[in-house]
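Per chain, numbering begins at 1; letters A, B, ... match sequence-line order.
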There are 2 protein chains.
Amino acid sequence: MKISFIWDSFPDLVSRVKKLIHMFSKTCQYAIKAVIYIHKQSLEGKKVGAKEIGQEIDAPDAFTAKILQVLVRQHVVGSFKGPTGGFFVDKSHESKTLKDVVLAIDGDQLFQGCSLGLNQCSEENPCPLHFEIKNVRTKIINMLTIKSLKQLAEEVGDGTTVLARLA
Amino acid sequence: MKISFIWDSFPDLVSRVKKLIHMFSKTCQYAIKAVIYIHKQSLEGKKVGAKEIGQEIDAPDAFTAKILQVLVRQHVVGSFKGPTGGFFVDKSHESKTLKDVVLAIDGDQLFQGCSLGLNQCSEENPCPLHFEIKNVRTKIINMLTIKSLKQLAEEVGDGTTVLARLA
DNA sequence: ATCATAAAGGATAAAATTATCCTTTATTAT
DNA sequence: ATAATAAAGGATAATTTTATCCTTTATGAT
């Protein structure tokens with residue numbers, strides 16, 4: 001029997017409170033967390049299932065599975081079907097960075113195009129934010145490429161704290 | 001009689017092509033463009049209506065009107081009802097910046113909270129992106145506050161090119 | 001060969017964002 | 001006062017994003 005809470009009556013209000021983020025879509029955040037988790041487990045030679053990943057990163061598992069499909073297609077992580085199957089990374093994924101994850105999931109929105117959505121915006125005919133945005137983007141790209149996913153995974157604490165850190 | 005085009009059959013594909021942006025929500029982009037346009041017109045002492053604004057910035061007018069309601073409530077711009085009414089800015093809005101617009105529309109998502117959506121993320125227990133993101137945010141805030149909206153409006157070309165520049 | 005397991009994929013649903021329409025309220029001109 | 005104008009506000013719809021469920025396909029264990 002499902003217990004219902006008072007805030008279930010105000011879904012929009014709750015969502016507004018929850019949504020204190022941005023820059024990456026929610027899907028992309030899940031993807032980043034999932035990939036780091038996979039890397040962490042692969043460091044210990046373990047393959048992991050979509051369900052487990054979903055639980056560890058606090059994301060719905062079916063949705064996590066969908067995201068993982070994309071990441072596999074884009075060769076950000078690898079997968080095997082069947083028993084003993086799951087998601088993993090190997091040598092071939094070692095140099096992948098967060099930028100690869102963001103590109104696979106959100107596309108190049110964050111890196112390309114006018115941030116005001118102007119059609120005419122260019123170096124010659126820049127929008128009021130053009131050069132500033134360019135600057136910010138350089139920083140973002142730097143942030144997303146300065147370390148490999150493997151390195152990031154190594155920096156995230158040991159097994160016992162992963163959940164706390166990625167949920 | 002409405003003419004229908006081949007791409008009307010592929011709404012999702014078309015939308016994917018159109019969406020080459022991000023960092024600001026679409027609503028926020030409209031807001032920025034609208035506010036700059038209002039400033040520009042106010043420089044010439046003109047008040048402008050929601051419909052006109054919508055057309056100039058290439059946004060649906062009814063939706064533009066909604067956005068303007070918020071901006072008025074947050075004192076980013078002023079408005080008057082009735083004939084000769086419209087939206088405008090005066091001395092009291094002179095020091096407003098893009099950050100005020102972004103805050104009014106998107107809230108502080110872009111500035112606050114963990115970019116990966118982690119609950120435990122803090123200075124003491126930082127997520128893998130914590131300090132990098134902090135860096136990027138400093139840049140973004142700088143970009144959004146370094147010039148007042150008035151200054152930005154003054155930099156956008158003369159009346160004849162506004163449409164091209166803000167559409 | 002058969003069965004169990006787990007990813008892949010398709011179809012559908014819920015929630016959030018973006019967009020439209022229509023009524024009400026305030027203000028000005030006549 | 002009355003009519004005309006434009007913003008404010010409410011209700012609703014379309015689109016996009018996020019989420020769920022169920023079937024199919026591949027793989028390993030027995």
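For the pair B/Thr64 and B/Leu68, the minimum side-chain heavy-atom distance is below 4.5 Å.
Rounded to whole Å, the distance from CG on A/Asp61 to C1' on D/dT18 is 14 Å. Between B/Ile38 atom CD1 and D/dA6 atom P there is a gap of 15 Å when expressed in whole angstrom units. Spacing between atom CZ of B/Phe88 and atom P of C/dT27 amounts to 12 Å, rounded to whole angstrom units. We find that CG of A/Asp106 is positioned 9 Å from P of D/dT17, with the value rounded to whole Å. Put simply, CZ on A/Phe24 is 17 Å from P on D/dT17, counting in whole angstrom units. Atom CZ in B/Phe63 sits about 19 Å away from atom P in C/dC22, given to the nearest Å. Rounded to whole Å, atom P of D/dT17 lies 13 Å from atom CD1 of A/Ile67.
Residue pairs satisfying the ring-ring contact (aromatic ring centres under 6.0 Å, His included) criterion with at least one member in residues 110-134 of chain A, sequence neighbours excluded, are absent.
Between A/Tyr30 and D/dA19, a side-chain N or O to OP1/OP2 separation shorter than 4.0 Å is present. Within the 4.0 Å cut-off from OP1 or OP2 of D/dT18, at least one side-chain nitrogen or oxygen of A/Thr27 is found.
Listed for the A/Gln151 side chain is a donor-acceptor partner under 3.5 Å among the backbone atoms of A/Ser148. Side chain of B/Asp106 to backbone of B/Leu103: no donor-acceptor contact under 3.5 angstrom is found.
Side-chain proximity of B/Ala62 to the nucleotides D/dA29, C/dT18, C/dC21 is greatest for C/dC21.
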Got a list of protein N/O to nucleotides 7-9 of chain D N/O distances below 3.5 Å?
residue : atom : partner : partner atom : Å
D/dA7   : OP1  : B/Ala50 : N            : 3.3
D/dA7   : O3'  : B/Ser79 : OG           : 3.3
D/dA8   : OP1  : B/Ser79 : OG           : 3.0
D/dG9   : N7   : B/Lys66 : NZ           : 3.3
D/dG9   : N7   : B/Gln69 : NE2          : 2.8

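Just one of B/Val101, B/Val89, B/Asp100, B/Ile67 meets the side chain to side chain contact (heavy atoms under 4.5 Å, CB included) condition when paired with B/Val35; it is B/Val101.
Qualifying side chain to side chain contact (heavy atoms under 4.5 Å, CB included) partners for B/Ala65, counting only residues two or more places apart in sequence or in other chains: B/Ala50.
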